[in-house]
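Residue numbers begin at 1 in each chain, while the letters A, B, ... track the order of the sequences.
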Number of protein chains: 2
Amino acid sequence: MKKMTRGQLAKQTGLTTAAIRFYEDEGLLPQPERSESGYRLYGDEYLTMIQFIQDTKALGYPLSRIGDTLRKLGEGPEMDVEAIRELVREQIAGIEQQERHLAEVKLHLGRLLTEYDDEAVREYMRSFRREPEEE
Amino acid sequence: MKKMTRGQLAKQTGLTTAAIRFYEDEGLLPQPERSESGYRLYGDEYLTMIQFIQDTKALGYPLSRIGDTLRKLGEGPEMDVEAIRELVREQIAGIEQQERHLAEVKLHLGRLLTEYDDEAVREYMRSFRREPEEE
DNA sequence: ATAAAGGTTGAAGTATACTTCAAGGTCAAG
DNA sequence: CTTGACCTTGAAGTATACTTCAACCTTTAT
């Protein structure tokens, strides 16, 4: 398998080299192999891990938590498969909660476009303004 | 209409009083009316605005952008209704993109639970580990 | 063989979103 | 009429997630 330098990995993933370095420093990514001269050599497993980081970040999880999960996933064959499934289930539950929230907000906004006329939109706008001050 | 103090508004919205102050300082919320003694008095329109901030923040928008939108919404009756509809459409498009992304990630994770057996899960775990280094 | 492009390190800087501190004024209850 | 909860302000501090700087070494192309 061909290994990548940090710059190549950055290009593949859309991250900056500095961001990859940061993730390594924070323990989200394990230290990769090095070449004779000290260059880091990243295998394809780094693409998988970074994909996981990007997906999970999009769900709003902090890097600290992502790092925890990622380290558990990498713990090795001695790790309980059921524990992994549980991690995955948690993640899915989080996604579903977010889906419900999005649907709710979307419904609210959508009504402005479909069910209401211009006067209703003006009304909505008024709810964002201070009422006329009566002295 | 009864007005609230900052603490009451905080309780209603789940924010801290310091966060509300911060939003005012940043221009997300307009300066509210004051009592004789200088206490801020918030009307119900602040509940609407803070709900909007919380919804929009959940979509991943930065406060700066939320502030822009919120100020436009509050600009007054002279603002073009079509411009408001356009803002709302943009917001909905953002939600839909996020929904698609969530569905994709969920599908990927879901397959681990339903379609694959323990060996497949182990395989997935292996993709998070460095391959054995051959010298 | 040299120059540009890209790699290495330690360390400091930035942006976002708040929180916490300090020092004081106000209000409602007992 | 004082105590405690809550309000005010300016200013500094914190957490997260990176980015940028400086100084130097390696690889690739001409």
Item to complete: Examine Leu41(B) and Met49(B) and state if one hydrophobic cluster contains both, with Ile, Leu, Val, Met, Phe, Trp and Tyr joined whenever side-chain heavy atoms are less than 4.5 Å apart.
Response: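 No, Leu41(B) does not connect to Met49(B) through the hydrophobic network.
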Discussion item. Please tell me whether Tyr39(B) and Leu47(B) are part of a single hydrophobic cluster in this structure, the criterion being side-chain heavy atoms less than 4.5 Å apart.
Written reply: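 Each belongs to a different hydrophobic cluster.
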Atom-pair distance ([atom1] on [X]; [atom2] on [N]), nearest Å:
| X | N | atom1 | atom2 | value |
| --- | --- | --- | --- | --- |
| Tyr61(A) | dT16(D) | OH | C1' | 18 Å |
| Ile20(A) | dG6(C) | CD1 | C1' | 13 Å |
| Gln54(B) | dA17(C) | CD | P | 14 Å |
| Tyr42(B) | dT8(D) | OH | C1' | 11 Å |
| Arg65(A) | dA15(D) | CZ | C1' | 18 Å |
| Leu29(A) | dA17(D) | CG | P | 14 Å |
| Asp25(B) | dT16(C) | CG | C1' | 15 Å |

Worksheet entry | Separation between CZ of Phe52(B) and OG1 of Thr69(B), rounded to the nearest 0.5 Å | 5.5 Å
Closer than 4.0 angstrom, basic N to acidic O: yes or no for [X] and [Y]?
| X | Y | answer |
| --- | --- | --- |
| Glu33(B) | Arg40(B) | no |
| Glu90(B) | Arg65(B) | yes |
| Glu24(A) | Arg6(A) | yes |

Discussion item. Are there over 12 heavy-atom neighbours, none belonging to Glu96(B), within less than 6.0 Å of that residue's CD?
Written reply: yes
Discussion item. Within the supplied structure, the quantity of interest is the number of heavy atoms (other residues, nucleotides, ligands) at a distance under 6.0 Å from Glu104(B) CD; does it exceed 12?
Written reply: no
Worksheet item: Just to confirm, is there a sub-4.0 Å distance from OP1 or OP2 of dC7(D) to any side-chain nitrogen or oxygen of Arg40(B)?
Response: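 No.
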Discussion item. I want to check one thing: is the phosphate of dC6(D), taken as OP1 and OP2, less than 4.0 Å away from some side-chain N or O of Thr5(B)?
Written reply: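 No, because none of the side-chain N or O atoms of Thr5(B) sits under 4.0 Å from OP1 or OP2 of dC6(D).
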Response to the item:
What residues 6-15 of chain B contributes to the DNA chain D interface at heavy-atom separation below 4.0 Å is Arg6(B), Gly7(B)
Worksheet item: Between Tyr46(B) (side chain) and Pro30(B) (backbone), is there a donor-acceptor pair under 3.5 Å?
Response: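 Confirmed, Tyr46(B) side chain pairs with Pro30(B) backbone.
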Discussion item. If you assign Gly38(A) and Pro62(B) each to the DNA chain C nucleotide with the nearest heavy atom, which residue ends up on the more 5' nucleotide?
Written reply: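 Checking each residue's closest nucleotide, the 5'-ward one belongs to Gly38(A).
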Response to the item:
Readout for nucleotides 18-30 of chain C: B = base within 4.0 Å of protein heavy atom, S = sugar-phosphate only, - = neither; 5' to 3' it is BBB----BBS---
